[in-house]
Trainee: 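Quick one: this structure, given as structure tokens, is what I'll be asking you about.
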2 protein chains.
Amino acid sequence: MDWSIQEISKLAGTTSRTLRHYGDVGLLEPSRIGSNGYRYYDDGALVRLQRILLLRELGLGLPAINEALRHNSDSPGALRSHLQWLRQEEDRLARQIASVEETITRLEGGEQLMAENMFKGFDHTQHKDEVEERWGKDAYATSDRWWRSKSGAENEACQVEISQLSADWSTAAASGGTADSELAQSLARRQFDWLSGMPGLPASGGKLSKEYFVGLGEMYVADDRFGANYGGKADAEFVRDAMAVYAEKHL
Amino acid sequence: MDWSIQEISKLAGTTSRTLRHYGDVGLLEPSRIGSNGYRYYDDGALVRLQRILLLRELGLGLPAINEALRHNSDSPGALRSHLQWLRQEEDRLARQIASVEETITRLEGGEQLMAENMFKGFDHTQHKDEVEERWGKDAYATSDRWWRSKSGAENEACQVEISQLSADWSTAAASGGTADSELAQSLARRQFDWLSGMPGLPASGGKLSKEYFVGLGEMYVADDRFGANYGGKADAEFVRDAMAVYAEKHL
DNA sequence: GCTAAACCTTGACGTAGCGTCAATGTCAAG
DNA sequence: CTTGACATTGACGCTACGTCAAGGTTTAGC
């Protein structure tokens, strides 16, 4: 007892195109091929097809399905790892939804579509490649995880803090003071303190590493994103210099 | 002040390939193109690029981003509809996760990776919404549990039985007999007996409810899935009529 | 002035899983 | 014999780029 390609496709609730595709990728071959080239499927193929479709509905990819069926159709191994992936996706989606909601809220509050960008460049996570090269992959990953793990409220508080700091730097730079002025140094200390609150950053003697702190200042100048969010390169240089002075004095 | 393609890609934390792609699809054109064909981007382009990347991280597609930026970069309209889609995805994922977990549990219980599809359309559980509306949630849930609770062997036996019944219906419909022919009526009785074996179905006087039996026949016609598994709408009508005749005579 | 390194260009394939023509051959019914 | 339904292979399309490939440009060092 066998069926034509269209018959079996209807039996299983799919399309003939799908069956041809499964044949092409070696997932389900016809049990017989007529002299005219027609594909015919028997009930063994039907059972396999139904298993394939079941697994597909569960979200597995075709290669994974092939593996699962080839290895042992009744062992939950493939499903377990697939479940992990699904949970990760769920997490990712949840975070993305939270981000979108937050962004909408901020837009409604009259803020610009720049919010995180102001923050960008202030910590090292935006200089991924360079930071990985200089301080190792963990520094980036840890800090990034930390940032992403913050709740909406915490996140917002962070944003406010960094926005304030950012605005104060701008003001100070515009006021024409020097990098070793009291104002600039107090800002450098706030910046240091803020960075100290982030985990995974290079430290020495329990404090944020001097090398890292100075290097970050250099990045601000080298990487124009920072300057782009402020008054330009001059401001970035001002910040860098103030940080360098602070580092020499206190680190 | 403008940057080369690689400079701006690093500034924004992306790649030159991405920038070329954005140029190709008209999402972000270079602000200037040198006589040698080199692309150059100014700070206006940088701002736009950063907005693009922000929206992209939120999961919007490139066309949607283009719309959002062209229409009004600070209106949350696009984000709202995107949020809806994200929530749907979240729902879908949650359901998929539940299904996978259930499947794993059943596999651990020694059950087979069964084809529920052969069975599709023949009982009411495939018409979930409608059956819940007409006969209450219990009818669906009970029957579904019953089905799922069957062991692999039982399940397979069931499959064979229902496949046979299904095939016989097809033959009878194709043979051109009437709904009140002996053949059709014997099939209706087999169908009735089979359904009688399922728990949770509406009954009256110890027998399967006439109303339910007739209604199920109507569903076969109304819901194209049934016809799709057979010879089309005509066959479904044949089955429905035979069932109705049987119900009048015996219920 | 030459050369190698580094950076630029366009072009095209690959990805996941089919949907959707297109051009053409085959089969069952009237 | 014709018509219509169904079959075949082939190839493009879709998302958002990654990844060569082949070849031109600029820059830095000798």
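Note on naming: letters A, B, ... go to the chains in the order of the sequence lines (proteins, then strands), and numbering restarts at 1 for each one. All values below come from the heavy atoms of this structure, side chains included, with hydrogens, waters and symmetry mates left out.
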Trainee: Can you check whether B:Thr18 has a side-chain N or O nearer than 4.0 Å to OP1 or OP2 of D:dG18?
Mentor: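 B:Thr18 to D:dG18 OP1/OP2: side-chain N or O found under 4.0 Å.
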
Trainee: Describe the nucleic acid contact of A:Tyr22 in one word from base, sugar-phosphate, nothing, applying a heavy-atom distance below 4.0 Å.
Mentor: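 If one applies the 4.0 Å heavy-atom cut-off, A:Tyr22 turns out to touch the sugar-phosphate alone, with no base involved.
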
Trainee: Toward the 5' end of DNA chain C, which comes first, A:Ser35 or A:His21, by nearest nucleotide?
Mentor: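 With A:Ser35 and A:His21 compared, the 5'-side residue is A:His21.
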
Trainee: So what does B:Thr15 hit on the nucleic acid, given a heavy-atom distance under 4.0 Å: a base, only sugar-phosphate, or nothing?
Mentor: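 Sugar-phosphate, no base atom in range.
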
Trainee: Within this structure, what is the CG-to-C1' distance between B:Leu62 and D:dC14, rounded to whole angstrom?
Mentor: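 My rounded result for the distance is 13 Å.
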
Trainee: Can you name the nearest heavy-atom pair linking A:Tyr22 to A:Leu53, along with the distance?
Mentor: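 Of all heavy-atom pairs spanning A:Tyr22 and A:Leu53, the closest is OH-CD2, 4.2 Å.
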
Trainee: List the steps and the verdict of side chain to side chain contact (heavy atoms under 4.5 Å, CB included) for B:His21 and B:Arg17.
Mentor: CA-CA 6 Å; B:His21 182 59; B:Arg17 177 67 179 88; 3.6 Å; yes

Trainee: For nucleotides 10-12 of chain C, tabulate all protein N/O to nucleotide N/O atom pairs closer than 3.5 Å, reporting atom names and distance.
Mentor:
from   : atom 1 : to      : atom 2 : distance (Å)
C:dT10 : OP2    : B:Arg39 : NH1    : 2.9
C:dT10 : OP2    : B:Arg39 : NH2    : 2.7

Trainee: Any sub-3.5 Å donor-acceptor pair from B:His82's side-chain atoms to B:Leu58's backbone N or O?
Mentor: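 Here the side-chain-to-backbone pair exists.
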
Trainee: Taking all non-hydrogen atoms of both residues into account, name the closest pair between B:Ala184 and B:Phe238 and its distance.
Mentor: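 Closest pair (atom of B:Ala184, atom of B:Phe238, distance): CB-CZ, 3.8 Å.
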
Trainee: Taking only the side-chain heavy atoms of A:Pro63 (C-beta and beyond), determine which of C:dG17, D:dT25, D:dA7 contains the nearest atom.
Mentor: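 When the side chain of A:Pro63 is considered, C:dG17 is the closest of C:dG17, D:dT25, D:dA7.
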
Trainee: Touch check for B:Gly61, heavy atoms < 4.0 angstrom, all strands: base, sugar-phosphate only, or nothing?
Mentor: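 Sugar-phosphate contact only.
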
Trainee: Provide, to the nearest angstrom, the distance between the CD1 atom belonging to A:Ile52 and the C1' atom belonging to C:dG17.
Mentor: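 Between C1' of C:dG17 and CD1 of A:Ile52: 13 Å.
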
Trainee: Between P on D:dC17 and CG on B:Leu28, what's the gap in Å once rounded to a whole number?
Mentor: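 Atom-to-atom, B:Leu28 to D:dC17, this comes out as 12 Å.
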
Trainee: In whole angstrom, what separates B:Tyr40's OH from C:dT9's P?
Mentor: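 Rounded to the whole Å, the gap is 8 Å.
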
Trainee: Round to a whole Å and report the spacing from CG of A:Asn36 to C1' of C:dA28.
Mentor: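 Going from CG in A:Asn36 over to C1' in C:dA28 covers 13 Å.
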
Trainee: Measure CG/A:Leu49 against P/C:dG17 and give the value in whole Å, please.
Mentor: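 A:Leu49 atom CG is separated from C:dG17 atom P by 15 Å.
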
Trainee: My understanding is that only one of B:Arg20, B:Gln6, B:Arg32 makes a side chain to side chain contact (heavy atoms under 4.5 Å, CB included) with B:Arg39; could you say which?
Mentor: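 Testing B:Arg39 for a side chain to side chain contact (heavy atoms under 4.5 Å, CB included) against B:Arg20, B:Gln6, B:Arg32 leaves exactly one candidate, B:Arg20.
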
Trainee: What's the shortest heavy-atom distance between B:Ile97 and A:Leu83, and which atoms?
Mentor: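 Scanning both residues, the minimum pair turns out to be CG2-CD1, 3.8 Å.
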
Trainee: Using whole Å, report how far CH2 of A:Trp85 lies from P of C:dA16.
Mentor: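 That distance rounds to 12 Å.
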
Trainee: Using whole Å, report how far CG of A:Asp24 lies from P of D:dG10.
Mentor: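 These atoms are roughly 9 Å apart.
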
Trainee: Is B:Gln6 near enough to C:dC8 that one of its side-chain N or O atoms lies under 4.0 angstrom from OP1 or OP2?
Mentor: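 Yes, B:Gln6 has a side-chain N/O under 4.0 Å of OP1/OP2 on C:dC8.
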
Trainee: Can you find a side chain N or O atom of B:Ser4 that sits less than 4.0 Å from OP1 or OP2 on C:dC7?
Mentor: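 Answer no for this pair, as no side-chain N or O of B:Ser4 is under 4.0 Å from OP1 or OP2.
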
Trainee: Closest to the B:Arg56 side chain: D:dT25, D:dC17, D:dA7?
Mentor: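 Of all the options, the side chain of B:Arg56 is nearest to D:dC17.
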
Trainee: Are any of the side-chain nitrogens in B:Glu89 or B:Arg92 under 4.0 Å away from the carboxylate oxygens of its partner?
Mentor: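 Yes, charged N to carboxylate O under 4.0 Å.
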
